[in-house]
Each structure stands twice: as C-alpha cells, then as structure tokens.
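Throughout, protein chains are lettered first and strands after them, A, B, ... in sequence-line order, and every chain is numbered starting at 1. Given the structure is predicted, the values throughout are model-derived calculations rather than measurements.
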Number of protein chains: 2
Amino acid sequence: MRFSTRGRYGVQVMVDLAQNSTEGPISLKSVAERQKLSEHYLEQLVPELRKAGLVKSIRGAQGGYLLAKKPEEIYIGDVIRVLEGPIAPVECTDQYGDDCCEKTEFCVTREVWVKVRDSINDVVDSISLADLIKDSEKEGEKVNLFDDEV
Amino acid sequence: MRFSTRGRYGVQVMVDLAQNSTEGPISLKSVAERQKLSEHYLEQLVPELRKAGLVKSIRGAQGGYLLAKKPEEIYIGDVIRVLEGPIAPVECTDQYGDDCCEKTEFCVTREVWVKVRDSINDVVDSISLADLIKDSEKEGEKVNLFDDEV
DNA sequence: TTATATCCTACTAAACCAATCGGAATTTGT
DNA sequence: ACAAATTCCGATTGGTTTAGTAGGATATAA
C-alpha cells in the first residue's frame, strides 16, 4: 500500500515552488538539486501539474515554473490525484456510487475500501501547501511535530 | 494508490469463513468457488493468515480453515497488515518515530504521509469481521449502505 | 487405500515503476 | 545573429512487483 514516487515527488516540487517562487519562475533544475531528484524525471511529472492548472510554466532561458494559485488555495489532494490518479484503494471504489464486481450477492467488503478511500481523501484535502510551508518557517528548531507517535 | 489483491482477497476469505465456518472447517476450494478466486492463489495467502494466528487449519480430507477468534475480535487492519505489510503510504512512514530520508533540512512533506497512514489504520482497525457480516445478514434487501456517496 | 485437503517451493508472463535518452521548440541575454 | 537556458515531448529500458500457475509432499477421514 504505497503511493508511487509520482505523488511524493509532486508534493515535494509544489512545496519547493511555494517556498522559492516568490519572485519569478523556478527552473526544474534548481528544484531537482534542492530536493535531490532527477531533473529529467520531474520534466515528466510537472507538465501534468501544468495541464491540471496547478502550476504555470514560462519557457526559455530564465524560465521555469510558478504556482498557479496561492499556497492557501492548493490542496495536497489535488496534487496527488493529478499524478497518481483517483484515490481508490481497490478498483471498485474508483467511481463514486458505482457498484463494483459482478458478484451476485451484495459485496460486503466494499464498505471497507470506501471508508478507506474517503478517509484518505479527507486527510489530503484538508492540508494546503500553505499549511506545510508554515511548518517549515520554524526552520532551525527541528522540533518533532509528530507528538502523536510512539 | 491501490491495495494489492492480497489484502482484498484476504478480507474476502476471512468474511467467507466468518459466514460459513459455524460448524466445521471450510476448504479453500469452496471459498474459492463462492468468491470466484483462484484456489491455488489462496493457498499461498491463507497460510500467512494462519502463521499470524488469525485462522486455524485442519489438514486432510474434510479439513479446511476456521477463524482462530470470534468475528468480533478480528479487525480488518490485522488481516490487511499480514498480507500487505505495514500500512505506509510512503517508505519513510514505515516505522513510527523514525526520521526518514537523509534530507539535511526538516522534511516538510512527511507530515502528510504520517497523517494518511494514521487515518488508514484508524479506519481498518475500527471495522471487525462481525461488523461486516452483520451487514450481509440483511441479505435480500440490497439497500445502499453508502449513503455518504453521490 | 483412495480421495480430499493443507502445505511448500519454484517458476512465469504481464504490468508497472522510475527513470534515462535524445532531441525539438521557445525565450533571454550578448 | 547566436549561444545558453529552459520547457516540452516521445521512445526506450532495466528492474521490481503482481497475480497467478505448476508440481508435488504431507496429513487425514472414510
């Protein structure tokens, strides 16, 4: 049960843009260096974010990418669904309200996957880019934000 | 972002056992027929559930599998984690409290994945086999249980 | 002793993942 | 006009994972 690198890198790129593109476009080269990712691979992912209206691109020298909206208006769920496809822990939860497999009897287990799907969507749709970079502004302290862990 | 068939089939098998093993062991052959799954493939999965203490096996003719505990005491999360491994939407959330990548700066995005992980675990650890088969006892009505959907 | 089961280890075909490669098109600065 | 920087685009690739299949060995009831 893993997200692929697509969603993970995508979120990293968006956060990086939010942190760095305050004045002018940011090249993928610099994002790749800061985030320690393959520039070529990002070239494959980021155009999808552009087509989805999450970033804007400026071509040519000194070009690069910019967020298309304010960090407060971009939710992690949007980024993930663009790069990973709809969140559907099993196939039959892909479309809402559809009935799934051709099982003759009522499919009992679907309830589980629907609840998982909805709960993931709730989480990722409740966190904006602004929420994430707010944390990073406390840079240097390195506090543990995850006090819910063991 | 999918669970593999392992987790899905595993839950199906456990539900099938809960529904059918009230008196005596159930063969994988019959489970496979009812659930329309490959018997041989189940032979690969179900022993893992046995080693994890979720089912008991009885070998030989008229043998088969039984739940090792009451349906009220078996949670979907247990089944899934046995067959899919720990729920960790990205690698660095695999162990609790561990810090992840060797990023020099604090990893902002990890917060997202930790919250997703915890929310999935909360859901699957709140649904027991008993909860699922309770629904199926209303068989025949075929009501839509998912009124939270569009 | 036969049929029915679980148990166990390999093997495999297909799909998917995470890139890499090689260039075309666009824009800025000199 | 030209070079450098950059996005854009399609093809290819090596490795891993998935979802099984194959072929038996072992155990037990009838």
Grab the [atom1]-[atom2] distance between [X] and [N] for me, whole Å please.
X: A/Lys29; N: D/dA4; atom1: NZ; atom2: P; answer: 13 Å
X: B/Leu28; N: D/dG20; atom1: CG; atom2: P; answer: 15 Å
X: A/Tyr41; N: D/dG15; atom1: OH; atom2: C1'; answer: 13 Å
X: A/Glu39; N: D/dA5; atom1: CD; atom2: C1'; answer: 10 Å
X: B/Glu84; N: D/dT17; atom1: CD; atom2: C1'; answer: 12 Å
X: B/His40; N: D/dT18; atom1: NE2; atom2: C1'; answer: 18 Å

**Prompt:** A/Phe3: what forms a ring-ring contact (aromatic ring centres under 6.0 Å, His included) with it, not counting sequence neighbours?
**Reply:** B/Trp113
**Request:** Using heavy atoms to find the nearest nucleotide of DNA chain C for A/Gln62 and A/Thr5 separately, return the residue whose nucleotide is more 5′.
**Result:** A/Thr5
**Request:** Could you verify whether a donor N or O on one side chain and an acceptor N or O on the other, from A/Ser4 and A/Glu84, lie under 3.5 Å apart?
**Result:** yes
**Exercise: do A/Asp122 and A/Ser119 side chains pair donor with acceptor under 3.5 Å** =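 The answer is no; no qualifying pair exists.
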**Request:** Check the surroundings of atom NZ in A/Lys29: do more than 12 heavy atoms from other residues, nucleotides or ligands lie under 6.0 Å from it?
**Result:** no
**Request:** Verify the neighbour count for atom NZ of A/Lys70: are there more than 12 heavy atoms of other residues, nucleotides or ligands below 6.0 Å?
**Result:**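 Incorrect, the count does not exceed 12.
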**Prompt:** In residues 42-49 of chain A, what residues come within less than 4.0 Å of DNA chain C, judged by heavy atoms?
**Reply:** A/Gln44
**Prompt:** Which residue pairs pass the ring pair (Phe, Tyr, Trp, His ring centres under 6.0 Å) test when at least one of the two sits in residues 23-72 of chain A, sequence neighbours left out?
**Reply:** A/Tyr9-A/Tyr41
Quick one: which protein N/O atoms are closer than 3.5 Å to N/O atoms of nucleotides 25-28 of chain D? Pair and distance per line, please.
unit_1	atom_1	unit_2	atom_2	d
D/dT26	O2	B/Arg59	NH2	2.7
D/dT28	O2	B/Ala61	N	3.2

Reckon [X] has a side-chain N or O less than 4.0 Å from the OP1 or OP2 of [N]?
X: A/Tyr65; N: D/dC8; result: yes
X: B/Ser38; N: D/dG20; result: no
X: A/Ser27; N: D/dT7; result: no

**Asked** From the list D/dA22, D/dA19, D/dC9, which nucleotide is the closest neighbour of the side chain of A/Lys51?
**Response**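 Among D/dA22, D/dA19, D/dC9, the one nearest the side chain of A/Lys51 is D/dC9.
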**Asked** Reckon B/Tyr9 touches a base, only the sugar-phosphate, or nothing at all at heavy-atom distances under 4.0 Å?
**Response** sugar-phosphate
**Complete:** Span of DNA chain C engaged by chain B, first through last nucleotide within the 4.0 Å heavy-atom cut-off, is C/dA3 to C/dA10
Name every donor-acceptor pair, under 3.5 Å, that has one atom in a side chain of residues 47-58 of chain B and the other anywhere in the protein, sequence neighbours excluded.
unit_1	atom_1	unit_2	atom_2	d
B/Glu48	OE1	B/Arg6	NH2	2.7
B/Glu48	OE2	B/Arg6	NH2	3.0

Hey, does [Y] have a side-chain heavy atom less than 4.5 Å from the side chain of [X]?
X: B/Val13; Y: B/Leu42; answer: yes
X: A/Ile76; Y: A/Asp125; answer: no
X: B/Ile80; Y: B/Ile120; answer: no
X: B/Met14; Y: B/Leu67; answer: yes
X: A/Leu129; Y: A/Gln19; answer: no

